[in-house]
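What follows is a short report on a single structure.
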Number of protein chains: 2
Amino acid sequence: MSDVARAAGVSVMTVSNVLNERTNVGADTRLRVLEVVEELGYEINLTARRLRSGRTGTIGLIVPQFDLHYYGELASRISEALAPEGMHLVVEQSGASRERELSALSLARLQQYDGVLLSAVGLDMADLDRIHPDVPIVLLGEQAVPERYHRVRMGNVEGARLATEHLVGCGARRVAVLGGKTSAPHPEMATYRTDGWSQALDQAGLPHDPALVIPLTTYSIAEARSAISAAVDGGLEVDAIFAVTDEVAIGALAGLHDAGLRVPEDVQLAGFDNLGISAHLVPGLTTIDPDHPTLVTEALRLLRRQLKDRTADPEHVVSGARLVARGTTRGRSAP
Amino acid sequence: MSDVARAAGVSVMTVSNVLNERTNVGADTRLRVLEVVEELGYEINLTARRLRSGRTGTIGLIVPQFDLHYYGELASRISEALAPEGMHLVVEQSGASRERELSALSLARLQQYDGVLLSAVGLDMADLDRIHPDVPIVLLGEQAVPERYHRVRMGNVEGARLATEHLVGCGARRVAVLGGKTSAPHPEMATYRTDGWSQALDQAGLPHDPALVIPLTTYSIAEARSAISAAVDGGLEVDAIFAVTDEVAIGALAGLHDAGLRVPEDVQLAGFDNLGISAHLVPGLTTIDPDHPTLVTEALRLLRRQLKDRTADPEHVVSGARLVARGTTRGRSAP
DNA sequence: GTGAAAGCGCTAACAA
DNA sequence: TTGTTAGCGCTTTCAC
């Protein structure tokens, strides 16, 4: 920067003012400085700026895994929403383990961002309670969190109920929940969605056999596929499956095929998340749309509020859930 | 850090030495410093460290789009490979447009990383030629690049040829290439893969009707689906499709279903990339495996070489391509 | 409208 | 083994 200042015959402060588009610079001075910047190929050092000013212009998004489609879509949406505001998004992977999540969450790393969107799955209340970051944070996700955090989540129970009601409405009588979890030290995505499933069965007067809860640990396509194959081979009889995520539902589709069962004729299927790919499966996947645009808009609103006022009162926002009926269920007209 | 130093009764330099695990600190001093660090909840300021030392411990990966599954899987693999070395990966989205890619590539942003893995699609030779970063860069991708860049890419032509040969070997006589491109100002993924398709048809003595090249612009599932539907409705007659990516093949699967065609009975299908999901589609997607582990290992090797020696001679590495036959093709035993 | 001085928090280099 | 000095490149503050 001092090279530029020297070549333009001004002080470094003036160069800084020009580059920051401050208004206290004469038009001719401004032009001269910009010319020299171009000529010398000067690029500002963002690290120095950050050290001095504290601003980075960068928002961090921390997700458990890059290769779960849900997080790829989330990152894409957030990135697009930030671009018009001149902010950059960078994404880090925490690896879904408590240990790696805690390390990604170390204040040292968080401080590199103006704000952080944290999609935590491995952290529990106690972990989150211990952390006192001075960077604005918005939690994205389903697990229980301390009150003081700003947070956006989906309508999990409601969505799961909608999906299960739809399956029952389409004639299902034995509805399994793939990826279900009836108890956990702290509530999380799977327990909430299992609750919704459970509520819908209760309302319909259907019993819920514990065998209908098929647990998963990674919620990957491969794991879901083999879990379903194994369950059917093991004698499980179902006429519908509520998969706790679309990713899991994709695995179920394959696993049911492996077991020689047709979807939706023999077994109906519904997922949760409405991934981009879900509309393009064959048959199309019936699923719950958690209103991604609102999720993203609200998360960024909460972040901006904190950016403006560090002491803003925490908000917990819940997005709506909407059923999207496609080919894996037989539709309300069916018996 | 000076607070810690004061509380521990040492100099800031000693605190720095302890935190950097340098060996020139007495065991008792070390312990005392660590105690105080813990007690005060001190966390190092990475920005200041970076400004002074130039090291960041962070590698940047720049991809066109977060929500193409290929990039999610790539990011995940790289992240896992870097973790054991104590390096962090952060991912940025360039948005697939030249403009946004150039901005992501601004020296200012690149300098924030120790090294950069750049998966560029919007940049051409001229753009890349203009950029003279002083950060080690490895290009990941298929487009032509100036010699001075280190670069890893797939065996595109070979892979496309293998896929097309397999389709022909399974009895196909009219093989379309979905996402094909026969000419472009600069060669890129689609042109290379179209070349491979073309070579295989030549070798088999099959004509290549220009109508068999179905162009795409975004290579998204939705675009591929409607392109195939439209082509079939428009009278296109084919008995096989080579899709230039698995993502495109997934769209083709849906589009063929829309058109009332069965896979593989009426139309066989092969993709390219061997995504994680491809094995779990119904039917399983025949595809080309570009040897992801080697791709990642080699990219990181090239990056480490540059990290050690900025003047290391550039290398261009090409990974092998291997056919993975699944249910969307009829297998070699078929007529 | 422009510039000089100070310092963000750390580490390289060297001194003790 | 520990400490001192200087300075990374920028922006804040304040004087002109």
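Quantities reported herein were computed from a predicted structural model and do not represent experimental measurements.
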Counting the atoms with a prime plus P, OP1 and OP2 as sugar-phosphate, which does B/N17 contact under 4.0 Å by heavy atoms, base, sugar-phosphate, or nothing? nothing
Span of DNA chain C, from the first to the last nucleotide whose atoms fall under 4.0 Å of chain A heavy atoms: C/dG1 to C/dG9
Does any donor atom in the side chain of A/E80 or B/Q93 lie under 3.5 Å from an acceptor atom in the other side chain? yes
Run the salt-bridge test on B/R305 and B/D313 with the 4.0 Å N-O cut-off and return the result as yes or no. no
Phosphate OP1/OP2 of D/dC10 contacted by A/S16 side-chain N/O (<4.0 Å): no
Just the rounded figure in Å: distance from P of D/dT13 to CG of A/N20. 14 Å
Determine, step by step, whether A/R151 and A/E315 satisfy the salt bridge (Lys or Arg N to Asp or Glu O under 4.0 Å) criterion, reporting the C-alpha distance in whole Å, the side-chain angles of both residues, the deciding distance to 0.1 Å, and the verdict. CA-CA 6 Å; A/R151 187 258 204 117; A/E315 267 185 65; over 6 Å; no
Distance check needed: D/dC10 C1' versus B/Q112 CD, whole Å only. 14 Å
Check whether B/D67 reaches the backbone of A/G72 with its side chain - one donor and one acceptor, N or O, closer than 3.5 Å. no
Can you tell me how far P of D/dG7 sits from CE of B/M13, to the nearest Å? 16 Å
Between A/T58 and A/Y113 (side chain of the first, backbone of the second, donor and acceptor by atom type, cut-off under 3.5 Å), is there such a pair? no
Look at the side chain of B/Q143 and the backbone N and O of B/P187, then say whether any donor-acceptor pair between them is shorter than 3.5 Å. no
Taking B/H69's backbone N and O only, do any of them form a donor-acceptor pair with B/E247's side chain (distance below 3.5 Å, no angle check)? yes
Under 4.0 Å from any atom of DNA chain C, heavy atoms only: list the residues of residues 28-57 of chain A that qualify, in numerical order. A/T29, A/L51, A/R52
Both A/V25 and A/V12 contact DNA chain C. Taking the nearest nucleotide for each, which residue is further toward the 5' end? A/V25
Any salt bridge linking B/R148 with B/D129? Criterion: basic side-chain nitrogen under 4.0 Å from a carboxylate oxygen. yes
